[in-house]
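Contents: one structure, followed by commentary.
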Amino acid sequence: MAFKLLQRDASYAPYVDKVAVKPIVASLLGEDWVVPTLWHGTSLPQRRSWPLPYVLKANNSSGRNLFVRNADEEDWPKIERRAKRWLETPHPRFKGEWLYTQIKPQLLVEPLMGDGSLPADYKFYVFEGRVQLIEHVSQRDTRYLCKLLDRDWQAVEGTIRNRENPQEVPRPEKLDELVWAAERLGAGFDFVRVDLYLVSGKPYFGELTFTPSAGVERYQPLALDYTLGDYWPWPSPAN
């Protein structure tokens with residue numbers, strides 16, 4: 001929350017811009033980590049020129065995604081109305097995240113990776129270049145189940161949003177590679193959450209965020225919130 005309210009460094013903006021961040025990620029991790037962009041622009045064309053299935057996103061916001069798996073799901077006038085609304089309603093208006101005001105709004109289209117179902121999301125909480133917490137999210141399009149783990153894939157007591165996954169989550173074979181990628185992308189920042197995916201065993205970059213859930217996420221128990229706060233590097237008090 002303090003970062004959201006006090007940070008005013010516009011140089012952070014390209015890292016949360018879903019279009020501008022891709023060349024940055026490619027330079028640090030390699031092109032094969034980046035989901036291809038099929039199209040991007042400030043208004044949708046009159047007709048689609050990219051193949052099904054696909055994902056339509058807003059570049060300057062979180063949660064503004066539309067998944068189109070087949071022609072039956074594609075109501076183009078409705079999609080145009082939604083995209084127009086995304087562009088006309090700034091993300092910071094209702095979440096107070098100044099950084100997103102520094103991004104020129106546009107739309108982008110990516111292929112829907114995998115078999116059509118949303119892959120599990122690996123969210124790495126990186127403090128001063130080191131992963132301290134992993135949030136594994138499954139069933140994102142239905143129940144949104146969450147499992148918290150440490151960097152060695154040991155379960156952490158606690159949950160987010162009261163949506164704890166009661167089941168064990170198998171350690172991914174490429175965990176070391178995912179941790180490496182998260183720490184490489186997080187190097188140089190006090191804190192950033194790095195979202196990554198595995199699609200048929202292949203890792204992909206998702207997004208970066210400096211203010212997860214606009215800084216108002218509810219961690220339970222409260223001790224977990226304090227633990228994460230202790231990882232944050234606060235400046236030394238003035239003498």
Side-chain angles (χ1 to χ4, degrees), residues 12-76 78-80 82-84 86-87 91 99-100 102-124 126 136-138 140-141 172-187 192-210:
Y12 281 61
Y15 295 92
V16 296
D17 181 328
K18 290 181 173 62
V19 173
V21 73
K22 291 189 177 188
I24 299 173
V25 173
S27 69
L28 292 171
L29 304 183
E31 290 280 356
D32 57 335
W33 281 80
V34 179
V35 176
T37 297
L38 300 176
W39 172 90
H40 69 91
T42 55
S43 62
L44 285 176
Q46 291 186 342
R47 62 181 63 184
R48 170 173 56 84
S49 59
W50 51 85
L52 292 163
Y54 63 88
V55 186
L56 173 67
K57 300 180 177 181
N59 74 316
N60 68 329
S61 187
S62 176
R64 292 179 179 176
N65 309 307
L66 179 63
F67 301 93
V68 182
R69 295 172 175 82
N70 53 61
D72 291 337
E73 295 182 352
E74 189 177 59
D75 182 336
W76 196 252
K78 185 176 181 180
I79 291 173
E80 286 183 310
R82 178 179 289 193
K84 185 173 184 291
W86 285 350
L87 294 172
H91 176 88
L99 191 58
Y100 290 96
Q102 306 304 298
I103 301 172
K104 180 181 178 180
Q106 59 176 311
L107 306 164
L108 70 151
V109 174
E110 298 174 344
L112 181 56
M113 310 293 285
D115 59 4
S117 60
L118 301 186
D121 196 350
Y122 298 83
K123 300 176 181 294
F124 294 84
V126 185
H136 177 274
V137 177
S138 56
R140 290 188 292 136
D141 50 349
E173 291 184 5
K174 295 194 175 181
L175 177 62
D176 291 344
E177 190 173 356
L178 294 175
V179 170
W180 167 82
E183 293 185 339
R184 184 154 175 76
L185 293 174
V192 65
R193 197 191 73 195
V194 180
D195 294 1
L196 304 172
Y197 304 95
L198 286 172
V199 179
S200 299
K202 186 179 185 310
Y204 287 97
F205 169 75
E207 65 177 328
L208 301 178
T209 177
F210 298 99

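For this chain, numbers begin at 1 and follow the sequence in order.
Here Asp72 contributes atom CG and Asp75 contributes atom CG; the two are 11.5 Å apart, rounded to the nearest 0.5 Å. Between Leu87 atom CG and Leu107 atom CG the span is 4.5 Å, to the nearest 0.5 Å. The CD atom of Glu173 sits 11.5 Å away from the CG atom of Leu178 when rounded to the nearest 0.5 Å. Going from atom CG of Leu112 over to atom CG of Asn70 covers 10.5 Å, rounded to the nearest 0.5 Å.
Using a 4.5 Å heavy-atom cutoff, the side chains of Val68 and Ile79 are in contact. Contact check for Tyr122 versus Pro172: side-chain heavy atoms found under the 4.5 Å cut-off. Within the 4.5 Å cutoff, the side chain of Leu198 has no heavy atoms near those of the Pro119 side chain. In this structure, Ile24 and Leu208 have side chains that are not in contact, with every pair of non-hydrogen atoms separated by 4.5 Å or more. With contacts defined as side-chain heavy-atom distances shorter than 4.5 Å, the pair Leu108/Trp39 does not qualify. Using a 4.5 Å heavy-atom threshold, the side chains of Tyr197 and Met113 count as separate.
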Take Lys123 and Thr209, measure what side-chain contact (heavy atoms from CB on, under 4.5 Å) needs, and give me the verdict at the end.
CA-CA 10 Å; Lys123 300 176 181 294; Thr209 177; over 6 Å; no
Residue pair Leu185, Val192: steps toward the side-chain contact (heavy atoms from CB on, under 4.5 Å) verdict:
CA-CA 9 Å; Leu185 293 174; Val192 65; over 6 Å; no
Quiz prompt | Gln106 vs Val19, side-chain contact (heavy atoms from CB on, under 4.5 Å): CA-CA, chis, key distance, verdict | solution = CA-CA 9 Å; Gln106 59 176 311; Val19 173; 4.0 Å; yes
Val199 vs Val35, test: side-chain contact (heavy atoms from CB on, under 4.5 Å). Steps then yes/no. CA-CA 11 Å; Val199 179; Val35 176; over 6 Å; no
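Under a cut-off of 6.0 angstrom, the local environment of OH in Tyr15 is sparse, with at most 12 non-hydrogen atoms contributed by other residues, nucleotides or ligands. Within a 6.0 Å radius of NZ in Lys202, more than 12 heavy atoms belonging to other residues, nucleotides or ligands are found.
Of all non-hydrogen atoms in Pro111 and Pro36, the two that sit nearest each other are CD-O, 3.2 Å. The heavy-atom pair separating Pro45 from Glu80 by the smallest distance is O-OE2, 4.0 Å. When all heavy atoms of Arg64 and Trp86 are compared, the closest pair comes out as NH1-O, 3.0 Å.
Take Phe124 and apply the ring-ring contact (aromatic ring centres under 6.0 Å, His included) test, not counting sequence neighbours, and it matches no residue. A search for side chain to side chain contact (heavy atoms under 4.5 Å, CB included) contacts involving Trp180 returns Leu29, Trp33, Arg184, not counting sequence neighbours. By the side chain to side chain contact (heavy atoms under 4.5 Å, CB included) test, Lys84 is found to be paired with Glu88, residues two or more places apart in sequence or in another chain being considered.
Taking the six-membered ring where tryptophan is involved, the planes of Tyr12 and Phe210 are perpendicular, since the angle between them exceeds 60° and thus also 30°.
Under a 4.0 Å N-O distance rule, the pair Lys18/Glu110 does not qualify as a salt bridge.
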